[in-house]
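Reading through the structure tokens given below for one structure.
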2 protein chains.
Amino acid sequence: MTTLSDVAKHAGVSVSTASRVLSGQGYVSQASRIRVVDAAEMLNYAPNHMARSLRLNRTHIIGLVVADIENFFYSQIAKGVTSVAREHGYHVVLANSEENRKLESQQIQMLANLRVDGLIFTPTGGNRRQLESSFISSGIPVIQVDRRVRGLPADAVLADNVGGAQQAVEALLDAGHTRIGILAGSQLVTTGKARLAGYRRALEARGIAFDESLVGRGLFTRDSALKDAHDILCQRPRPTALFAANNILAEGAARALVELRLVAPKDISIVAFDDAPWMSAIAHPLTTVDQPAREAGRVAATLLLDRLSGGQGAEPQTVVLSPRLISRNSVGPPRR
Amino acid sequence: MTTLSDVAKHAGVSVSTASRVLSGQGYVSQASRIRVVDAAEMLNYAPNHMARSLRLNRTHIIGLVVADIENFFYSQIAKGVTSVAREHGYHVVLANSEENRKLESQQIQMLANLRVDGLIFTPTGGNRRQLESSFISSGIPVIQVDRRVRGLPADAVLADNVGGAQQAVEALLDAGHTRIGILAGSQLVTTGKARLAGYRRALEARGIAFDESLVGRGLFTRDSALKDAHDILCQRPRPTALFAANNILAEGAARALVELRLVAPKDISIVAFDDAPWMSAIAHPLTTVDQPAREAGRVAATLLLDRLSGGQGAEPQTVVLSPRLISRNSVGPPRR
DNA sequence: CGCAATCCTGGTATCGTTCCCACATCGTGT
DNA sequence: ACACGATGTGGGAACGATACCAGGATTGCG
């Protein structure tokens, strides 16, 4: 690998001068400029990122921790983040928390040691003190996406989960359903809680009593959703509709329907939170409340980059993106 | 941020000694060891990754470039790579090539400048010279996953695409189909070519003539697949079966079936390459040829790490993973 | 008791940049 | 002619870690 000093030697100038022409600041004569540029080109010079980072105390790396990169929703976020980062010459190091606080803590520590310039993550909800001491208090900006950790003074990019869930459930109510099951997911994360809250709010607004036996509070996994959906759908009388609070839960729900030989919207109506390509590619395309995940990633990255270039005030900022209902073909009148 | 010299000062020893105890090599007295460890703990010391990298000429960062992180297949690879990396204390910087050679070239250049210790990527097929000059010739190991670039002397982790496609098509042939359409995807990448080859081979083995009008050679996108599927399925007589050469193409195909009001396996039989969770969560679960993508990521990362610790010979190695047929419920006898 | 091996330590160079400072050479205006 | 600003240049000190080297202290053994 060729270094700046190689270039300087080759161009017959000092390292200082070479540095000046390549960084484009300070006075340099036209003559030297040309010779340095030529030499750099000929030697195929590329600045050493590590050395530069060390000197400038800026790594141009941002950390991204998502719950599960295999989840379409998070991979969309990752895409949004990486593309904005690239446009601005930043690198993104990716880590999975697997929805596990211990693992999240470890990943965060590694990223702190790496001296990332900023952190974007979908919090599990824990590790607040660590985040404060390793990032916030050292002035390293942190952006929370999708979820938030209580009391953490950091920017957040969220969806209106309560409103979105409410919309979804209203679509069901509007079709005449009153016994509506919900796969709410883990109540330890803000999204799970908020979506269940939206569900309750929609019911309340229509004066329908909340029925604990209709809610599944399992993990955000297909298997857990499958089991919960079974439990909910095997009750008599069977609920006539089901709301799945995210795309993974929707997969579990869909699988349960197949196993129970139920087809939407004939036998049961179903609405999901989060959109995914397969939902519109099936025989009876799923009605969903879509949140712009890739956009969320882009917004998060933009917010972070703004912070890094000194923009924005000191106050943590929260951006709320509005989910929107996409009506397809999984909602009909209640059976019988 | 506290530095090693802070720790040393606090412990009343020299930087050298502090370094020795923390890196665990060289002679250190029990007394100094304890004092340094205590000081480090108290000051919450974490070594500066950049300084260390600069000195050691080892970044402990590996680059990962995938075609599209939103594609479930690639996100599985990413998960495999990141988890192995984490287990060994490596960081992964993620980039998307978007199936675009220009973009891939840019990303690769950025990673080279970052001085990653190694590169794992799903090649578009181009940029061979750049890869050779920026990585191979500097001794930076490169692992190709899923695809390969012709003539690049680098390790590769591949699926048996010809065999897998052949298996898929045979499942269709075994059910009695003779007019089988294929969404083959871009013929510019090795997977696209190989899967088409497997298709042809399966037909030949049964003495069935290859019919150009039954093959779609569009891009690896849903929209392109949708269009190609339409073209193929609107022919008279209509082909009785369809093979989609990857999971995205399968989504496009599924959408086309919905639009044409065709349901598998009654009206048409369908088999896909690559598995995805939704495929088993639909009314008529898709029969697929599954390739172990996460495993491929793990293998690639392991191979890379081996190379980094000086293992393996100089010869580039190729690992071939076997896809396996998962029979579900999208294949039946030909209609009429 | 002497000498070598072992243990322990601090000083210093180094990785490749950037940036500050000193110094030299120009003009240009008074 | 002199001062002073604008240009242009190179030297050298950082950034934070590691590693080599020299030298002092301690031990072991004949």
Side-chain angles (χ1 to χ4, degrees), chain A residues 1-37 39-40 43-61 89 91 110 112-117 138-140, chain B residues 1-37 39-40 43-61 89 91 110 112-117 138-140:
Chain A
M1 271 289 134
T2 121
T3 78
L4 189 56
S5 126
D6 295 335
V7 174
K9 217 167 291 173
H10 210 267
V13 299
S14 74
V15 188
S16 310
T17 305
S19 172
R20 269 187 297 259
V21 1
L22 293 174
S23 70
Q25 29 197 298
Y27 295 111
V28 181
S29 70
Q30 193 60 18
S32 324
R33 164 160 291 120
I34 292 173
R35 309 188 54 195
V36 169
V37 168
L43 298 176
N44 214 327
Y45 170 75
N48 183 310
H49 193 98
M50 294 297 150
R52 186 180 223 143
S53 296
L54 179 60
R55 180 63 233 242
L56 299 180
N57 204 26
R58 273 267 177 136
T59 56
H60 277 249
I61 298 179
H91 294 280
M110 280 184 70
N113 296 353
L114 182 58
R115 305 294 199 271
V116 293
D117 285 346
S138 344
I140 303 172
Chain B
M1 272 289 132
T2 121
T3 78
L4 188 57
S5 125
D6 294 335
V7 173
K9 216 167 291 169
H10 210 268
V13 298
S14 74
V15 191
S16 312
T17 306
S19 171
R20 270 187 295 258
V21 1
L22 293 173
S23 70
Q25 30 197 295
Y27 294 112
V28 182
S29 70
Q30 193 60 17
S32 327
R33 165 160 290 121
I34 292 174
R35 310 188 55 193
V36 169
V37 169
L43 298 176
N44 214 327
Y45 169 75
N48 184 310
H49 194 98
M50 294 298 149
R52 187 180 222 142
S53 297
L54 178 59
R55 181 62 232 249
L56 299 180
N57 204 25
R58 272 260 175 145
T59 56
H60 276 248
I61 297 178
H91 293 281
M110 280 183 71
N113 296 353
L114 181 59
R115 305 293 199 269
V116 293
D117 286 345
S138 342
I140 303 171

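All chains are named by letter (A, B, ...) in the order of the sequence lines, taking the proteins before the strands, and each is independently numbered beginning at 1. Every value quoted in this text rests on a predicted model; they were computed, and no experiment measured them.
- Look at OH on Tyr27(A): it is 16 Å from P on dG27(C), rounded to the nearest Å.
- When all heavy atoms of Leu114(A) and Thr59(A) are compared, the pair lying nearest together is O-CG2, 3.9 Å.
- Residue-environment remark: NE2 (His10(B)) stays at or below the threshold of 12 foreign heavy atoms within 6.0 Å.
- Counting only heavy atoms from C-beta outward, the side chains of Val21(A) and Val37(A) approach each other to under 4.5 Å.
- Of the candidate nucleotides dC20(C), dT18(C), dG16(D), dT18(C) has the atom nearest to the side chain of Leu4(A).
- The distance from atom NZ of Lys9(B) to atom C1' of dG11(C) is 15 Å, rounded to the nearest whole Å.
- Using a 4.0 Å heavy-atom cutoff across all strands shown, Ser29(A) reaches sugar-phosphate atoms only and no base atom.
- In this structure, a donor-acceptor pair under 3.5 Å is present between the side chains of Ser14(B) and Thr17(B).
- Contact detail for Val28(B) and Ser32(B): the closest heavy-atom pair is CG1-CB, 3.9 Å.
- Comparing Gly26(B) and Arg115(B) by the nucleotide of DNA chain C that holds the closest heavy atom to each, the one mapping nearer the 5' end is Gly26(B).
- Nucleotides of DNA chain C nearest to Ala18(B) and Asn57(B) differ in position, and the one nearer the 5' end is that of Ala18(B).
- Remark: Ser19(A) is not in phosphate contact with dT17(C), judged by side-chain N or O atoms under 4.0 Å from OP1 or OP2.
- Atom CG in Leu114(A) sits about 15 Å away from atom P in dG16(D), given to the nearest Å.
- Distances shorter than 4.0 Å separate some side-chain N or O of Thr17(B) from OP1 or OP2 on dG10(C).
- For Arg55(B) and dA19(D), a side-chain-to-base donor-acceptor distance below 3.5 Å is absent, hydrogens and geometry of angles not being considered.
- When distances run from any side-chain atom of Leu56(B) to the nucleotides dG10(D), dG8(D), dT18(D), the shortest one goes to dT18(D).
- In the set dA17(D), dG10(D), dT9(D), dG10(D) carries the atom at the smallest distance from any side-chain atom of Ser14(A).
- Nucleic acid contact class of Ser16(A) (heavy atoms, under 4.0 Å, all strands): base.
- In this structure, the separation between CE on Met50(A) and CG on Asn57(B) is 10.0 Å, given to the nearest 0.5 Å.
- The CZ-P distance, from Arg52(B) to dC15(D), rounds to 19 Å in whole Å.
- The side chain of Gln25(A) sits closest to dC19(C) out of dC19(C), dT7(D), dG16(C).
- Summarising the geometry, the separation between CD on Gln30(B) and P on dT26(D) is reported as 17 Å, rounded to the nearest angstrom.
- Residue contacts for Leu54(B): at a heavy-atom cut-off of 4.0 Å it reaches a base atom on one of the strands shown.
- The Ser32(B) side chain lies nearest to dT9(C) when the options are dC15(D), dT9(C), dC15(C).
- Rounded to a whole Å, the CG atom of Leu22(B) is 13 Å from the P atom of dA19(D).
- Rounded to whole Å, atom C1' of dA17(D) lies 13 Å from atom CG of Asp6(B).
- Side-chain N/O atoms of Arg33(A) and base N/O atoms of dG8(D) include no donor-acceptor pair closer than 3.5 Å.
- Between the C1' atom of dT17(C) and the CE atom of Met1(A) lies a distance of 16 Å, rounded to the nearest Å.
- For Arg20(B) and Met50(B), each mapped to the nucleotide of DNA chain D holding its nearest heavy atom, the one lying further toward the 5' end belongs to Met50(B).
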